[in-house]
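Here the structure comes first, spelled out in structure tokens, and everything after it is commentary.
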Amino acid sequence: MKRAAYQCERDRFAKLRAVDGSGIGADYDDVRLIQEICKSLLVSDEKLRELMDLMLLSMEEGLAKETASTAAVKMLPSYVRSVPNGTESGHFLALDLGGTNFRVLLITLDGKKADMVSKIYRIPDSLMKGTGQVLFDHIADCLAKFMVEHDLSGKPKLPLGFTFSFPCRQEGLTCARLINWTKGFSAAGVEGKDVVTLLREACQRRKDVDIDVVAVLNDTTGTLMACAHKENTCQVGVIVGTGTNACYVEKISRCGKLDGEMDPNDGPDEVIINTEWGAFGDDGRMDSVRTEFDRNVDANSINPGKQIFEKMISGMYMGELVRVVLEHLTKEGLLFEGSTSTALFRRGAFPTKYVSEIESDLHEEDRTFQNTFNILEDLGLERITPTDCANVAYVCSLVSARAAHLCAAGIAVLLNRMQKPMVTVGVDGSVYRFHPTFKQLLDQKIDQLVDRGLEFQLMLSEDGSGKGAALVAAVACRFQLMLSEDGSGKGAALVAAVACRVEQERVQRLLAQQKIGNSS
């Protein structure tokens, strides 16, 4: 067979190669048809800026007292009012619950240094689906064992930060009510309850666990805090993994719905806002860029009409979106000579890791598309040509590039809103870490969309390892990459540390005011 190169019409993509018995011929005609069908997946900068305006409007609605209850983007206050300033020190516990395993961590802070020890504990399926009391008793039991192993029992109680990565309505720094279980959990008697109270009650029932829960948070806030510990210009945290979310530091005076609830004079005039931006578009504001493929994925999801932004970005949906496009092209006779595959036509059969593996082929010098061929063969396809592999890689590139560009638009909205001279963006999540081009596409598009004159750094949540420090030293000033995925662990301890510091500062201010009052 003869290999012939063809140039894709889109500037973003490098050469893909078509092969058939006659050279370019009919294969190139198919390529043109595929590009025509898929052009709806391309989002121009002009369209991205229109979406940015709509997202900003949605965020402002989420912050305003009058519209907060009906806003698609909820803009939930985390009640965390400061990032680490480098003075935090001492021992702190962290509890990280977000799936079938949970972790207990002991973190020792000394300025910018953080030493961690941790242990992972399993949550049996019977406890996930039993009662809330039994579930939290199990967590308290594991916490007690950890404290014994690390000689913490009988010692002065340590502050604890609790990362609880399920949908919650946060009512204070130490109060978060579970809205609904996800991730296979269905423990009875927890929804609508404050999870901090349930944890405290479980510890009290044992009588041998003496802890002080000083903060509850989600993994996005933890990502921001973990990065801010190393780089104090970190003001934005982003998750791009199975789901997507972002948080950022906002002025309390710009949060109308917090009037009378949070005094900007009683501590820092800032609070970290958990945007819950995955729901952007639930009110129709993303309809102009949604394709027939997006609507198919949404209609067959467990929550149709919800989390529209997330369904166009995150790892839970990226692979399925590619599969839906490939199914359509196959039925049109443009791939695999129209031959069918039961697996390819089955929902959920094309995980997002396939997208990353296939796109890696685009960066191989010889372009043999070996990963792509193997994946398609595993899906039961038989009539696979190198042209098919190139076209499949093209579809993957379109879907992942759109995801990166939409995510960049969201980050640019936050940077433009904050108008700070230097902002570091902490990023965590499997899509960002493992997709071969996502980070680069994100960097480039933020640079194109952010207001001129602002600098930004893009930073992956970092665990303080020597490897990370070496990488930081090797990166130029504008971008600083710090690789880790432990925002939910280290970040929880840092929230606890900052909460203790802010409370100490508040007490010191009150004492100083009393002293002035007494002297006068």
Side-chain angles (χ1 to χ4, degrees), residues 11-14 43 45 48 219-220 223-224 226-228 230-231 233-248 277 309-310 312-319 321-322 352-364 371 393 396-415 423-450 454-463 465 467-487:
D11 292 340
R12 203 188 68 72
F13 300 108
V43 183
D45 285 359
L48 286 173
D219 52 357
T220 314
T223 293
L224 189 159
C227 290
K230 287 294 181 182
E231 176 50 71
T233 62
C234 184
Q235 301 276 290
V236 178
V238 177
I239 298 290
V240 194
T242 304
T244 185
N245 193 18
C247 66
Y248 73 107
W277 75 6
F309 190 63
E310 180 170 82
M312 299 173 76
I313 293 176
S314 73
M316 180 174 285
Y317 305 99
M318 187 184 291
L321 184 55
V322 169
T352 295
K353 70 173 185 176
Y354 284 180
V355 179
S356 295
E357 291 170 5
I358 288 170
E359 286 200 59
S360 295
D361 282 346
L362 290 172
H363 302 281
E364 296 291 335
N371 287 329
C396 290
S397 295
L398 285 178
V399 170
S400 59
R402 188 187 67 163
H405 293 169
L406 290 172
C407 186
I411 293 172
V413 168
L414 298 177
L415 295 173
V423 176
T424 297
V425 180
V427 188
D428 202 353
S430 55
V431 172
Y432 182 86
R433 287 186 286 116
F434 299 131
H435 187 280
T437 62
F438 195 92
K439 178 174 69 69
Q440 180 183 0
L441 294 169
L442 193 64
D443 288 356
Q444 292 172 348
K445 193 55 65 175
I446 291 171
D447 192 36
Q448 292 165 9
L449 297 175
V450 76
L454 285 181
E455 289 183 282
F456 69 96
Q457 297 176 334
L458 192 60
M459 181 172 79
L460 189 62
S461 178
E462 191 273 336
D463 66 357
S465 68
K467 181 179 179 181
L471 182 60
V472 170
V475 175
C477 296
R478 189 176 184 193
F479 296 93
Q480 186 174 352
L481 304 177
M482 304 173 71
L483 303 175
S484 173
E485 63 259 16
D486 199 26

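Predicted model only: the values in this text are computed from it and were never measured. FYI, the numbering just counts along the sequence from 1.
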Donor-acceptor contact present, side-chain Thr244 to main-chain Val240, <3.5 Å: no

Student check: side-chain heavy atoms of Leu415 and Ile446 closer than 4.5 Å: yes

Shortest non-hydrogen contact from Ile313 toward Cys407: CD1-N, 3.8 Å

Between CD1 on residue Ile239 and OG1 on residue Thr220, distance to nearest 0.5 Å: 4.5 Å

OG1-CG distance between Thr424 and Leu224, expressed to the nearest 0.5 angstrom: 9.5 Å

Audit row: Lys439, Tyr432, side chain to side chain contact (heavy atoms under 4.5 Å, CB included) steps and yes/no: CA-CA 6 Å; Lys439 178 174 69 69; Tyr432 182 86; 3.0 Å; yes

Side chain to side chain donor-acceptor pair (under 3.5 Å) involving Gln448 - partner list, sequence neighbours excluded: Lys445

Residues in side chain to side chain contact (heavy atoms under 4.5 Å, CB included) contact with Ser356, at least two apart in sequence or another chain: His435, Pro436

Contact summary for Gly243 and Glu310, nearest pair of heavy atoms: CA-OE2, 3.3 Å

From CZ (Phe434) to OG (Ser360), nearest 0.5 Å: 12.0 Å

Side-chain heavy-atom pair Arg402, Leu406 within 4.5 angstrom cut-off: yes

Contact summary for Ser314 and Val431, nearest pair of heavy atoms: C-CG2, 4.4 Å

For the student: nearest non-hydrogen atoms of Cys227 and Gly426, plus distance: SG-CA, 3.6 Å

Contacts of Asn371 that satisfy side chain to side chain donor-acceptor pair (under 3.5 Å) - sequence neighbours left out: Asp361

Arg433/Asp428 under side chain to side chain contact (heavy atoms under 4.5 Å, CB included): CA gap, chis, key distance, verdict: CA-CA 7 Å; Arg433 287 186 286 116; Asp428 202 353; 3.5 Å; yes

Nearest atoms (heavy-atom pairs only) where Leu414 meets Trp277: CD1-CZ3, 4.4 Å

Distance in Å, Ile411 CD1 paired with Leu442 CG, rounded so as to fall on 0.5 Å steps: 4.5 Å

Atom pair CD (Glu359) and OG (Ser397), whose distance is rounded to the nearest 0.5 Å: 4.0 Å

For Ala409, side chain to side chain contact (heavy atoms under 4.5 Å, CB included) partners two or more places apart: Leu48, Met52, Leu449

Met316 backbone acceptor or donor facing Thr242 side chain under 3.5 Å: no

Nearest heavy atoms of Ala401 and Leu441, plus distance in Å: CA-CD1, 3.8 Å

Thr233 side-chain N/O to Val423 backbone N/O, donor-acceptor pair under 3.5 Å: no

Side-chain donor or acceptor of Thr352 paired with backbone N/O of Gly319 under 3.5 Å: yes

Spacing of CD belonging to Gln444 relative to NE2 belonging to His405, to within rounding of 0.5 Å: 7.0 Å

Test ring-ring contact (aromatic ring centres under 6.0 Å, His included) applied to Tyr248 - qualifying residues, sequence neighbours left out: none

